[in-house]
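Have a look at the structure below, then the notes.
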Amino acid sequence: MTADSDLTAALVGAKAESASVEAGAMTDVLDRAPFVVVSSSGAQDLSPRRIRAEQLRQLVHSKAFIVGALILLWWIVCAIFGTLFVPYNPLSQSLLNVNAAPSAAHWFGTDSLGRDVFSRVIVGARDILEIAPLATLVGTAVGTAIGLAQGYFRGAFDMLVGRLVDALLALPTVIVAFLFIVAVGANTLTLVIVIGFTFAFIIARTVRTAVLQERELDYIAAARLRNENAFHIMFVEVLPNVLGPIIVEFTVRLGYAIFTIATLSFLGFGVQPPTPDWGATVASNYQYLAAGYWWQTLFPALAIASLVVAINLVGDSMEAALLQ
Amino acid sequence: MWPHLLKRLGLTVLTLVLLSMIIFLAGQVLPGNPGRAILGHYAPESAVLALNRKLGVTRPLLVQYWSWVSGIIHGNLGTSWEYHAPVSSFLFPALGRSAKLALFAFVIVVPLSILGGVVAALNRGRAIDKIISVGGLSFTTVPTFVSGIVLIVIFGIALKVLPVTAQAPPGSPFFTQLRYLILPAVPLVLILFGYIARMARAGTIEVLDSDYVRTATLNGLPRWRVISRHVLRNSLLPTITVIATQTGYLIGGLVVIENLFNYPGIGRLILTAADFKDFPMLEAGVLFIGIVYLLATLLADILYTVLNPRIRLGSEE
């Protein structure tokens with residue numbers, strides 16, 4: 001067989017595999033393809049670095065990704081440096097200037113305690129942008145560990161976790177998180193842990209699917225023959241090959257984490273006042289809507305909307321770039 | 001067909017048992033000392049102990065779990081710690097009111113999103129497809145209280161065309177009641193539209209690309225006839241499943257919307273219970289949300305089985 005037909009076979013194989021859509025197939029193709037290609041001299045097109053560069057190029061050229069990333073970046077800047085450039089202290093009250101409508105002095109008006117709504121919206125990005133990524137990180141780490149173990153060991157453990165996930169999914173994530181937060185009390189730590197663990201089981205399901213496709217492949221058999229232990233095979237051999245779906249799952253879950261935390265804060269079981277968190281601000285002001293003080297509630301609500309939409313734009317474009 | 005359905009039923013029961021354990025863990029194990037939580041920091045230890053004994057939380061966990069579950073099986077949901085009255089006398093009226101709001105949202109969203117999905121599929125790649133697909137999915141990610149507030153500001157405050165509370169004055173005629181439910185229902189519609197439309201779009205595209213639709217078109221059937229007789233009928237089957245799985249999402253949205261509009265449904269009930277640390281009420285409320293979801297998925301499975309000739313007439317497993 002000539003080198004050329006060998007290459008064609010490899011390419012066709014790669015195509016067929018990635019066409020099987022299931023998340024795990026992708027990274028698998030990326031990382032194994034070079035072995036085949038290198039042997040058939042002269043075609044470096046499929047090297048992992050080239051493919052990563054191509055994925056990056058595709059991302060940077062996606063309008064949705066740029067718009068989402070810019071909005072996200074703006075809120076991250078506000079979260080970190082917001083206190084330095086806001087016109088007023090977001091916590092300082094001015095009882096002579098309560099419920100003032102938007103004006104040149106107060107762009108977004110003032111709330112029922114005379115606090116500047118604009119400053120509160122800018123600084124309010126902080127808590128949610130701290131808790132949501134932390135919770136998602138915890139969820140992804142724990143979920144990856146559970147999913148790897150499920151896919152690798154299978155059997156009773158796999159079945160038990162699978163049933164547990166089904167039971168948890170019978171309730172909306174917001175309600176699961178709500179139930180546990182009510183039981184343990186709301187603070188940054190409990191929010192991170194409760195949301196993290198709720199997501200972990202859902203993330204485990206994705207990782208498990210990806211691992212199941214990997215475990216039958218030759219490099220796993222080779223590792224077993226080398227007498228590597230289960231821990232080594234799971235984290236050193238399998239994990240790098242299922243990173244793609246895990247990264248995508250992280251961005252998708254990040255969007256859900258923001259959704260969940262904002263909702264919990266609105267219900268009074270998330271970030272607690274007087275912190276200018278958006279959900280908490282909406283919760284403490286929406287009863288004044290009927291009185292016509294719409295600016296106190298509308299601006300933080302729009303801030304939440306812009307953040308979740310931005311994260312989903314980024315997440316969707318990353319999914320398209322990494323998993324196709 | 002029967003073995004398949006029986007297996008599904010068994011799985012549903014198993015899931016329900018696990019779910020009850022999770023809820024029990026959150027409601028009765030994690031809070032640790034409900035007597036202290038109810039009476040506060042300054043109550044004497046003896047009073048806390050007496051209350052704990054009265055609430056039955058000093059018994060072994062297995063005994064507590066069994067008495068809770070066997071009570072539910074016999075139709076006794078327990079007694080509310082806050083109101084000292086049976087939980088069921090609050091829970092079922094609240095469930096009924098929530099069902100009214102949810103049903104109203106479903107009646108709007110199901111035809112609308114299926115239509116949206118089919119229109120998007122028929123105009124694949126064009127601007128209208130992009131608007132429906134991207135716009136629809138963006139709305140599914142926005143929390144319901146956010147869209148609810150934007151709607152209140154626009155329609156309730158700026159334009160003053162719709163009432164901003166959810167409940168009509170008692171004794172109002174049916175259509176007045178519906179008018180009050182419009183603003184609370186629209187955020188629920190927005191959160192569901194994207195997913196159902198996406199499924200309907202994917203199903204329609206699959207059918208449009210199939211051989212029998214090409215044959216029908218080449219046979220000279222008018223386009224509307226191809227769509228109504230061949231495309232719709234086959235593309236809607238997977239949509240049923242999605243609609244059922246969205247019930248959970250709908251209920252999550254309900255909890256929030258009921259609080260925003262002060263509507264006395266199941267969501268308002270569990271939030272009030274949480275504020276009062278009324279764990280029997282909270283547990284029963286959350287359990288019933290789970291039961292409603294599990295029943296909806298089971299029903300969708302049965303419908304799917306009955307409507308899909310490949311499973312209905314398929315050989316016994």
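Note on naming: letters A, B, ... go to the chains in the order of the sequence lines (proteins, then strands), and numbering restarts at 1 for each one.
- The nearest pair of heavy atoms linking A:Ala167 to B:Thr15 is CA-CG2, 3.4 Å.
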Worked verdict on B:Thr144 versus A:Phe259 for side chain to side chain contact (heavy atoms under 4.5 Å, CB included):
CA-CA 9 Å; B:Thr144 38; A:Phe259 183 104; 5.7 Å; no
Could you check A:Val174 against B:Val255 for side chain to side chain contact (heavy atoms under 4.5 Å, CB included), going step by step and ending with a plain yes or no?
CA-CA 9 Å; A:Val174 168; B:Val255 172; over 6 Å; no
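- In this structure, B:Phe145 and A:Ile304 have side chains that are in contact, with non-hydrogen atoms separated by less than 4.5 Å.
- B:Leu14 touches chain A through its side chain: at least one heavy atom from C-beta onward sits under 4.5 Å away, while N, CA, C and O do not.
- A 6.0 Å sphere centred on CD of B:Gln64 holds more than 12 heavy atoms belonging to other residues, nucleotides or ligands.
- When A:Val309, A:Leu164, A:Leu179 are compared by the number of non-hydrogen pairs under 4.5 Å with chain B, A:Leu179 comes out ahead.
- At a threshold of 4.5 Å between non-hydrogen side-chain atoms, the residues A:Trp294 and B:Ile154 do not count as touching.
- Looking at B:Ile291, there are no atoms closer than 4.5 Å to chain A (heavy atoms on both sides), in backbone or side chain.
- Interface residue A:Leu267: backbone and side-chain heavy atoms are both found under 4.5 Å from chain B.
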Given side chain to side chain contact (heavy atoms under 4.5 Å, CB included), test A:Phe178 with B:Ile270 step by step and report yes or no.
CA-CA 10 Å; A:Phe178 171 76; B:Ile270 64 170; 4.0 Å; yes
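- In this structure, the portion of A:Asn312 lying under 4.5 Å from any heavy atom of chain B is its side chain and not its backbone.
- Looking at B:Val256, the atoms closer than 4.5 Å to chain A (heavy atoms on both sides) sit in the backbone and in the side chain alike.
- Considering only heavy-atom pairs separated by less than 4.5 Å from chain B, the leading option among A:Val282, A:Val176, A:Ile258 is A:Val282.
- Looking at B:Ile23, the atoms closer than 4.5 Å to chain A (heavy atoms on both sides) sit in the backbone and in the side chain alike.
- Distance check, rounded to the nearest 0.5 Å: OH of B:Tyr293 to CG of A:Leu171 gives 9.5 Å.
- For A:Leu169, the part lying near chain B is the backbone, with the side chain staying farther off; criterion is any non-hydrogen pair under 4.5 Å.
- Taking CG of B:Leu16 as the reference point, atom CG of A:Asp166 lies at 12.5 Å (rounded to 0.5 Å).
- Taking all atoms of both residues into account, the shortest heavy-atom contact from B:Lys277 to A:Val182 is NZ-O, 3.6 Å.
- Taking all atoms of both residues into account, the shortest heavy-atom contact from A:Ala183 to B:Ala26 is CB-O, 3.0 Å.
- Counting heavy-atom neighbours within 6.0 Å of B:Arg198 CZ, excluding the residue itself, gives a total of 12 or less.
- Summarising the geometry, atom OG1 belonging to A:Thr263 is positioned 11.0 Å from atom CG belonging to B:Asn259; distances are rounded to the nearest 0.5 Å.
- Rounded to the nearest 0.5 angstrom, B:Leu260 CG and A:Tyr286 OH are separated by 6.0 Å.
- Chain A forms the most heavy-atom pairs under 4.5 Å with one residue out of B:Ile22, B:Leu250, B:Asp275, B:Ile152, and that residue is B:Ile22.
- With a 4.5 Å cut-off on side-chain heavy atoms, A:Phe266 and B:Val146 do not count as touching.
- Residue contact with chain A, scored on non-hydrogen atoms closer than 4.5 Å, involves the side chain of B:Leu294 exclusively.
- Counting heavy-atom neighbours within 6.0 Å of A:Phe197 CZ, excluding the residue itself, gives a total of 12 or less.
- The environment of B:Tyr65 atom OH is dense: over 12 non-hydrogen atoms of other residues, nucleotides or ligands sit within 6.0 angstrom.
- For a residue to count as touching a neighbouring chain, one of its non-hydrogen atoms must lie under 4.5 Å from one of that chain's; by this rule B:Phe279 touches chain A with the side chain only.
- In this structure, chain A has no heavy atom under 4.5 Å from any part of B:Thr12.
- Contact of B:Asn262 with chain A is not made at all, since no heavy-atom distance falls under 4.5 Å.
- Shown here for B:Gly252 and A:Pro172, the closest heavy-atom pair between the two residues is N-CG, 3.5 Å.
- Ranked by heavy-atom pairs shorter than 4.5 Å toward chain A, the options B:Val150, B:Ile157, B:Leu271 are led by B:Leu271.
- Chain A forms the most heavy-atom pairs under 4.5 Å with one residue out of B:Ile251, B:Val142, B:Thr141, and that residue is B:Thr141.
- Only the side chain of A:Ile175 comes within less than 4.5 Å of a heavy atom in chain B; its backbone stays farther off.
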